[in-house]
Amino acid sequence: MASPRSILLSSLLLASSATAQDFGSSGRSEEAFSYIQPENTTILTQYGSSPAVYPSPNITSDGTWASALVKAKDFLSLLTLEEKAYMVTGAPGPCVGNIYPIPRLNFSGLCLQDGPLSIRVADYASVFEAGVTAASSWDRKLLYERAYAMGEEFKGKGAQVALAPVAGPLGRSAYGGRNWEGFAADPYLTGVAMEESIKGFQDAGVQATAKHYIANEQETMRNPEYNDNATLTDVLYEAVSANLDDRTMHELYLWPFANAVRANVASVMCSYQRLNGSYACQNSKALNGLLKEELGFQGYVMSDWGGTHSGVAAIEAGLDMDMPGGIGMYGLYPEAGSFFGGNVTTAVNNGTLDVSRLDDMILRIMTPYYALNQDVDFPSVDESGADLNTFSPRSTWLRDWNFTGEYGRDVRGDHGSIIRRHAAEATILLKNVNNALPLKAPKIIAVFGNDAGDDTQGFLNQVDFEYGTLSAGGGSGTGRLTYLSTPLNAINNRASQDGALVQYWLNNTLIESSEMPALWNPKTPEVCLVFLKTWAEEGADREHLSTDWNGDDVVESVASYCNNTVVITHSSGINTLPWADHENVTAIVAAHYPGQESGNSIVEVLYGDVNPSGRLPYTIAFNGTDYNAPPTTGINSTGVEDWQTWFDEKLEIDYRYFDANNISVRYEFGFGLSYTTFAISDIQAEALVDDITATPEAQATVPGGNPALWESIYNVTVSLNNTGDVCGATVPQLYVTFPDSAPAGTPPYQLRGFEKVTLEAGECQTVSFELMRRDISYWDIISQEWVIPQGDFTISVGHSSRDFEQVTTITPIAA
């Protein structure tokens, strides 16, 4: 375990904020940490704790939700105290999360449903491409379109709240088990993806939930372990504590959540693990201080399922909704009662909890409801989802649910065609020797790998299924497929148009054996397509970065006999690809988790119907040991507090780490090939603001924080030319290098702009990147402000984080 580092108390973050007394025999008070910092004094301590921030800020009447807040106040005025208590407490019902209806007020309740790539507990719903796949497109319009289509399906099934999108995990560790649910190992790209996704969901009339807040970067020991699971009172180990400093929090992990709040996200889900010693769902610095005060968040904070560990302490720290309502992991122990529910009524009556705090919780919950017009003709919950819901089956319900709409509604529309296009546009071409791709109507094709064919154990993906293509990962972020286009079926369909012969071998054990030569019949194929897969799921971090089912050996075996071996990976993220330089491996394609149109989308890329334009949202290193920041995988003592993860790498994750330490990589962040070529020229940078100041003008906080941080202060333009002979899209990327006056630890290059551009052969276009104040500022731990440092910034524009064609400098603040 790395040693914690001493820093200024003013820079500390996220200590236990559970200073309020808990209530009820079912509650467990957290150890209280209280620090007082006299004005203008410096106190040295260690990160891993932080000051408490009280009270929880109230929702304001400013901004786009003003009229909705008026309706929410009218609704609040009609509630009894008991109704108020159960408005903030989840309960068993037809959805993954439920707030019960109040018929006398014509309130139909709230239905909360997973997840980030599909409405999971539903029939006749689509399975979209995963977050990492969508991010690989580097396409703002695609990200919005995906979320809007998903939102249509959530609404069609009667779900007011979608538990998506995901900015935590960000991707600190290459081994993170849920990285695929999120977007990219970069705060800027993830921030854009969050903002576009939230706009898409909410434009479709569904509340988005930004999760998991915050520093939720591993699955290992994410929840506490108990000696007695019947009562959940005897703690064996507290959940792992993510320990990080103030600057790292602001510039990495908080960054995309700021984008989410700026997009007026309805809710934020707090995460399971501890944060500098305190559970994230009762950390007053994180919830009250950063989210509600600094970022001006106006919606409600809900707990992850079972992430609530106290009552009043969590409420005072900023938690607004307890999900799913019972105590413990997933609320599986209803006999233990609830930290919220009736305990909230008791706490108000005995003076432990001020009713004004409870009222603010309800206003935060109901204002987005009215802002999205969910009180007007919103579809009822589809009863078929209740019959599929094993999370809270009907036998657990405490009240009846009034089902009025059609049973088993088909909400898929034409979304299959959208998913097919999205997955193709997000596919990344990593290697292409001698123009092996696109395929040119080969007459003999061999298909290899247990990822190519049908899922022989059903459409609900699971970690131990050997045969079948992998379209999504596991856990609450997965989807329930209604159909699946497999690579083998799609290849057969395409080959039949060319009169081609397709041979296939789907048993990896057979393929990697010494019997390979006997497989060729009647002669060596013109192309060998090898399909590999890598599973990842909620609740477990990855044990390695290789492909599963001996995929590396499969490639070596095929390539030893086939001089035109094309490898396609369906993976949760990073694979180290040790065979990438094999002379017979002519092409490598990364397709991630493409959703239900997997086969059709990959065939369109392989045959050139779609020119690949995906780009890596992470770095592929040569070896797994090249990556820093692995998850905590074990402890050597039995102390209840001993699970700790120290974010000592600070700002240096993924490409920032490799660049800062000058480490060679196999494929860098932002990398991707095309079937054509592009050139970037004529960079220009123009200041949009006169007399730029080092710190932003003090303005009233709006959702997203100080609006001055979001003002564009520079415009950078380049000329982009398709120098090849086919139409295609590319992604020019802008990286910023801060001047030497910036604090130590500032990464050498940081992504601060990108655009997806489609050009015809020979076409030229001017591409603009607007730099906001936040983009060229660092978080100063002393002044607690975003600061533009003095001196020259280097602006580099190119095709990836290590392939720059144009460079210029700007000097916002003269030395």
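Since the model is a prediction, treat every value here as computed from it, not as a measurement. We use all heavy atoms of the structure for the numbers below, so side chains are in, but hydrogens, waters and symmetry mates are not.
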Test of understanding: with side chain to side chain contact (heavy atoms under 4.5 Å, CB included), list the residues that count as partners of [X], not counting sequence neighbours.
X      : value
Ser777 : Arg773, Trp786, Ile788
Asn179 : Pro169
Thr133 : Glu129, Ala130, Ala426, His592, Tyr593

How are the rings of Phe754 and Trp138 set to each other: parallel, tilted or perpendicular (split at 30° and 60°)?
perpendicular
So do [Y] and [X] actually touch side chain to side chain, heavy atoms under 4.5 Å?
X      : Y      : value
Pro617 : Val132 : yes
Gln282 : Tyr279 : yes
Gln218 : Val240 : yes
His570 : Thr534 : no

So, taking the atom named CG in Leu319 and the one named SG in Cys281, what distance separates them when rounded to the nearest 0.5 Å?
5.5 Å
Compute whether any side-chain donor of one residue and acceptor of the other, for Gln784 and Asp246, lie under 3.5 angstrom apart.
yes
Would you tell me whether Ser476 and Arg178 have side-chain atoms, one donor and one acceptor, within less than 3.5 Å of each other?
yes
For Asn715 versus Ser768, what's the shortest heavy-atom pair and its separation?
OD1-CB, 3.7 Å
